[in-house]
Protein chains: 2
Amino acid sequence: MVEYRIGEIAKTCNVNKETIRYYDRMGLISKPTRTDSGYRLYSDETINRILFIKRIQDLGFTLTEIHKLLGVADKEEVRCADMYDFVVHKLDDVRKKIIDMQRIECMLTDLKNRCPDEKAIHECPIIEALMDNKEKEEHQ
Amino acid sequence: MVEYRIGEIAKTCNVNKETIRYYDRMGLISKPTRTDSGYRLYSDETINRILFIKRIQDLGFTLTEIHKLLGVADKEEVRCADMYDFVVHKLDDVRKKIIDMQRIECMLTDLKNRCPDEKAIHECPIIEALMDNKEKEEHQ
DNA sequence: CTTGACCCTGTACCTTGGTACAGGGTTTAT
DNA sequence: ATAAACCCTGTACCAAGGTACAGGGTCAAG
């Protein structure tokens with residue numbers, strides 16, 4: 001079995017060496033074997049795992065979630081059901097977030113549309129709209 | 001003009017006292033007057049400003065952006081044009097983020113759909129899909 | 001006159017996902 | 001044999017938006 005030093009792994013996976021040590025500390029990758037002088041030695045398995053981590057991180061999973069997930073994946077039994085639940089749960093999260101963002105989009109669009117064509121006038125309808133609890137209070 | 005102590009303001013605005021001191025330090029609210037013993041005293045204006053901050057924070061603005069925005073708003077001239085640009089820029093951001101999230105949603109949905117009805121089997125299609133660079137490598 | 005509820009400042013700490021040294025040791029190439 | 005390139009550990013630091021003390025002062029009620 002071929003073994004690689006941290007720098008090679010970093011280059012292959014396109015991550016920082018420090019990131020790999022960080023994943024090591026966090027227990028996201030299995031403990032490497034070491035040379036007599038203490039250098040870390042990793043196998044292809046770790047390359048796959050790092051790429052896996054990066055891929056699902058892009059899907060919006062946090063490292064904590066990934067950690068849990070990998071724990072599940074490493075167990076072999078029931079792992080499929082757990083994975084399924086995990087993905088379903090995350091999907092739910094993402095959908096909620098999208099709805100939230102769309103709400104924000106609406107509000108911003110609304111604010112934008114309040115602006116007349118002549119943009120350099122003194123009263124700002126945007127500020128007024130946001131400050132609508134101020135309405136008839138003091139102006140100083 | 002009525003003046004309130006920090007605790008009252010905190011209760012009214014439903015934020016922590018520490019948060020108000022933090023906003024004070026950050027220059028997000030105007031410097032309070034003080035009692036002889038150093039207690040902060042705020043007016044209604046500050047209540048409105050804190051509520052304003054909270055409202056646009058919910059719209060996805062960071063405190064740094066809000067700081068800039070309030071600076072613009074306090075200047076009175078050109079403020080409307082700047083506000084407009086700000087909102088347009090933020091709207092763009094939000095739209096990009098939504099598209100991103102929708103891409104993630106698609107991928108998660110795809111992963112979910114790979115699961116057969118019998119969920120407790122040993123091979124996990126989700127893990128397999130995510131690990132597709134592993135394919136014919138070692139199983140140990 | 002003392003207890004409890006306030007308030008003050010200053011500093012440290014939290015989370016997340018790393019990055020950046022400092023101060024060493026090792027290996028490889030010339 | 002020595003310099004460059006690599007590795008090690010341990011610690012501090014980054015953004016953001018606060019929170020949590022520690023160690024003190026102040027104010028109103030009983």
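On a predicted model such as this, the values are computed, not experimentally measured, just so you know. Protein chains get the first letters and strands the later ones, always in sequence-line order, with residue 1 at the start of each.
- Put simply, the residue from A:His89, A:Lys90, A:Arg95, A:Lys96 that forms a side-chain hydrogen bond (donor to acceptor under 3.5 Å, both in side chains) with A:Asp92 is A:Lys96.
- Comparing B:Arg21 and A:Tyr39 against DNA chain C, the residue whose closest nucleotide sits nearer the 5' end is B:Arg21.
- Between B:Lys54 and the phosphate of D:dG18, there is a side-chain N or O to OP1/OP2 separation shorter than 4.0 Å.
- Within the structure, a side-chain polar atom (N or O) of A:Ser37 is placed less than 4.0 Å from OP1 or OP2 of C:dT27.
- Residues B:Arg34 and B:Leu41 have side chains not in contact (no heavy-atom distance under 4.5 Å, counting atoms from C-beta outward).
- Look at A:Thr35 and you won't find any side-chain N or O under 4.0 angstrom from OP1 or OP2 of C:dT26.
- When distances are taken from the side chain of B:Arg40 to each of C:dT19, D:dC8, C:dT9, the shortest belongs to C:dT9.
- The side chain of B:Arg25 places no N or O atom within less than 4.0 Å of a non-bridging phosphate oxygen (OP1 or OP2) of C:dC8.
- Not a single donor-acceptor pair, N or O on each side, falls under 3.5 Å between the base of D:dG18 and the side chain of B:Tyr23.
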Between B:Glu3 and B:Thr33, does a side chain to side chain contact (heavy atoms under 4.5 Å, CB included) hold up when you go through it step by step?
CA-CA 9 Å; B:Glu3 300 213 292; B:Thr33 53; 3.4 Å; yes

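- Checked against C:dT19, D:dG18, C:dC7, the side chain of B:Lys17 finds its nearest nucleotide in C:dC7.
- Ranking D:dG18, D:dC7, D:dT26 by closeness to the B:Gln57 side chain, first place goes to D:dG18.
- Which of C:dG18, D:dG18, D:dC7 sits closest to the side chain of A:Arg5 comes down to D:dC7.
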